[in-house]
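Being a predicted model, the structure only gives us computed values, none of them experimental. A, B, ... follow the sequence lines: proteins, then strands. Residue 1 opens every chain.
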Amino acid sequence: MAGLKLNNVNKIYPNGFHAVHDMNLDIEDNEFVVFVGPSGCGKSTALRMIAGLEEITSGELYIGDRLVNDVSPKDRDIAMVFQNYALYPHMTNYENMAFGLKLRNVPKDEIDKSVKFAAGILGLEGLLDRKPKELSGGQRQRIALGRAIVRNPQVFLMDEPLSNLDAKLRVQTRAEISKLHQKLKTTFVYVTHDQTEAMTMGTRIVVLKDGYVMQVDTPTNLYEHPENMFVGGFIGSPQMNFIEGELTQEEEELYFVYAGGRIVLQKEKAAKIKSLDRTEKKVVMGIRPEHLEVETIADEKNEANGSDENKALVEVTELLGSETYLFLNVENKTVVARVDPSIIVSVNDHVFIKPRKEKMHFFDPKTEKSLLF
Amino acid sequence: MRPHKTFRQRLLKIGFYFILLIIFIYLLFPFYWAVNSSLKTEAQLQMTPATMVPRDPATGEFAPTLQNYRVVFDNQQFVRGIMNSTIIAFSTTALALVAGSFAAFALGKLRFRGKKPTLYLILAMTMFPQVTVLAGLYAVIRTLSLPALISLILSYMIFTLPFTTWVLTSFFRGLPMALLESAQVDGATPFQTFYKIMLPLTAPALVTTGLLAFIAAWNEYLFALTFTSIEPTARTVPVAIAYFTGAVARQEPFGEIMAAAVLVTVPIVILVLVFQRRIVAGLTAGAVKG
Ligand SMILES: Nc1ncnc2c1ncn2[C@@H]1O[C@H](COP(=O)(O)OP(=O)(O)O)[C@@H](O)[C@H]1O
Ligand SMILES: [Mg+2]
């Protein structure tokens, strides 16, 4: 068991492509860290550098207290689970799991004990004498996990291990890997492009984009306090809505003014933004669908009001039973709201949007950075 | 319309089997004729028209003889030739496979500078006509005064090694990179990865290329004829057969030559039959991704 430390790690491929930029990361012992980001953002590259399968162009990598830049994979005390499992097709599942220990000249009875232990955890007892090709995808996945467990490494590395499973199995295995982590009490580094996987499994998440670390935090903090528009949009489903507008001050209050109307800011947020000494007025307001409340026209106080402020046209409704998604046209931009199924609206109705003030995010349109950080 | 269609289909089917039959005869008739001739006596060989099976010249009854085989087995040169050929073909195959698989592993799976030029050079070598190197090689061998057996094994590498390397390279390349990396993380050295993971997985290709190398070495004539010219004891079996002499001067011992030819073919046929399934696997495996 050991932590992991990356100091300004860079990866430039031989063809000149700069795949990972100045990655800094401190992973504590026993953490479950997830690298997440869209395809091609450098997740695998980062993981493979930790594994030692890719050379580190510059920077330092520590496993525990040991600088391992020039240590070969076999001496890094890590185990890796590959996307396509990479089981040895000519060996039985038992031999697949035992291979690493055999190479290390571990005594036979000890190997046997380790393999049986791992098989027990993963429910593989009956399958050990078969070859990998005689197993289903889910079972192969477990053999691959078992092969890693048997090694009893300091760090588990996994590169999209669930992406070849069907949706149902993926959800199951997701939970199993989390359980495994609790049982083994070892450091896990897990790569996925699926934000749901990241949110459900990780104790901490590293969001990557184009080789840059966008934010590192716990799932809750990423969701509540995205540092930039990318993280705001990437984490959470359906996506966070972004509405362009300006901030204007009127007396003591700060207002977000956009094409469809204006919304007053929460006191704390207003204070924070004012303290920035920002001269630029333009901002992007981010609000998650679940934090965008709507009121129907029929509501009495709206009837009385008669104003068009914050009015939106319902374009599509998606009823999921437990919740309803409304796709709203706000000044020719589509905005999604997740509402209670008891709210009855139909297409072409008008509604008023009411973002929850404490859940509003504000970003600089140029740097895309949050103004609330 | 229907009956017309089935009629056409039937016609196509008949045509198909007809073509199959022609190909079959075309390929097998020479061998059949060799077997037929090898079972005939000198007198039966002289019969006109030639008979499709050995027949008694007088009665026309089926009358095969093993006389030719007896003579061939008594022929010291032939027996020696078989031994030489066996040694040379096995050594050539083994060397070509060992060196070829090492090279192919590097060319197919490792990263290094000059890989492409190397590959093209190897490919170019498979196209080299033997005659062009013959004279030069002979001079080299004379200068180094290499024994004929060794010089044959080494010179057979010229055509077996590029071929095995080329075929095995494409085979190694087809193996998923993740297997290699997985072995690396599991703690295998590159050499352990090679012989514990890669080699077993390339077994079908090894068998196929090995067999083809064996056949090529076993059948080779030009080099063998040249390099054994001053060392007759090193003659391989094709050369030995060519040197068969009849009981009477200038007489071609046709029956014996045919018997020897049949005997030389038998080991190859046995090898192919034994490894048949592996060969098919080796020929098709590259087509589907592992
Ligand atoms: N061997 C390589 N040579 C050059 N570029 C590469 C190589 N491997 C990956 N890349 C590039 O690096 C970027 C990151 O790749 P990768 O880490 O595999 O992304 P992902 O986040 O999808 O796992 C991609 O744009 C990819 O094209
Ligand atoms: Mg990847």
Side-chain angles (χ1 to χ4, degrees), chain A residues 13-15 44 47-55 71-92 95-106 111 131-133 140 143-144 146-153 155-161 164, chain B residues 97 101 104-118 168 171-208 210 275 277-278 280-282 284-290:
Chain A
Y13 278 111
N15 67 359
S44 296
L47 191 77
R48 291 164 56 82
M49 283 194 285
I50 297 175
L53 295 171
E54 245 11 291
E55 212 176 315
V71 176
S72 76
K74 69 184 169 75
D75 300 322
R76 289 194 185 190
D77 209 357
I78 46 130
M80 184 157 169
V81 178
F82 293 82
Q83 184 171 354
N84 299 315
Y85 319 137
L87 298 174
Y88 312 123
H90 58 297
M91 298 184 188
T92 64
E95 288 167 334
N96 259 287
M97 288 165 75
F99 186 64
L101 297 183
K102 233 182 232 167
L103 290 174
R104 286 175 171 74
N105 297 318
V106 175
I111 295 180
K131 294 251 173 97
K133 67 163 180 280
R140 277 182 220 183
I143 299 287
R147 187 168 62 176
I149 296 172
V150 164
R151 296 263 317 282
N152 192 20
V155 183
F156 275 90
L157 306 174
M158 307 192 181
D159 193 350
E160 313 224 12
N164 283 347
Chain B
L97 285 184
S101 57
F105 177 56
L107 289 165
K109 275 286 171 261
L110 305 182
R111 267 180 280 177
F112 61 90
R113 205 168 296 175
K115 189 152 118 180
K116 266 236 171 83
T118 314
L168 290 175
F171 208 86
F172 275 115
R173 197 182 286 143
L175 293 176
M177 204 62 199
L179 277 184
L180 229 86
E181 293 173 344
S182 176
Q184 210 180 336
V185 173
D186 265 344
T189 63
F191 192 64
Q192 282 172 326
T193 309
F194 173 71
Y195 78 85
K196 291 203 158 145
I197 307 291
M198 295 316 216
L199 220 48
L201 291 176
T202 45
L206 287 175
V207 169
T208 314
F275 291 116
R277 295 177 78 197
R278 289 263 165 167
V280 174
T284 54
V288 213
K289 268 199 185 150

**Student:** Which bit of B:A183 comes within less than 4.5 Å of chain A, counting heavy atoms only: side chain, backbone, both or neither?
**Tutor:**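 For B:A183, backbone and side chain are both near chain A.
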**Student:** Under 4.5 Å from any heavy atom of chain A, what part of B:Q192 do you find: side chain, backbone, both or neither?
**Tutor:**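 Contact with chain A is through the side chain of B:Q192 alone.
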**Student:** What parts of residues 109-116 of chain B touch chain A if we use heavy atoms and a cut-off under 4.5 Å?
**Tutor:**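 Against chain A, the residues of residues 109-116 of chain B that fall inside the cut-off (heavy atoms, under 4.5 Å) are B:R111.
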**Student:** B:V185 and side-chain contact (heavy atoms from CB on, under 4.5 Å): which single residue from A:M80, A:K74, A:R76 fits?
**Tutor:**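 Checked A:M80, A:K74, A:R76 against B:V185; only one passes side-chain contact (heavy atoms from CB on, under 4.5 Å): A:M80.
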**Student:** Could you give the distance from CD (A:E54) to CD (B:E181), rounded to the nearest 0.5 Å?
**Tutor:**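 That separation rounds to 7.5 Å.
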**Student:** To the nearest 0.5 Å, what is the distance between CG (B:D186) and CZ (A:R104)?
**Tutor:**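 Output value for this atom pair is 7.0 Å.
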**Student:** Mind checking the CG-OG spacing from A:N84 to B:S182? Nearest 0.5 Å is all I need.
**Tutor:**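 The distance works out to 11.5 Å.
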**Student:** With a 4.5 angstrom heavy-atom cut-off, could you sort out which part of A:Y88 is near chain B: side chain, backbone, both or neither?
**Tutor:**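 Contact with chain B: backbone and side chain both.
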**Student:** Quick check on A:L157 against chain B: is it the side chain, the backbone, both or neither that has a heavy atom closer than 4.5 Å?
**Tutor:**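 A:L157 has no heavy atom closer than 4.5 Å to chain B.
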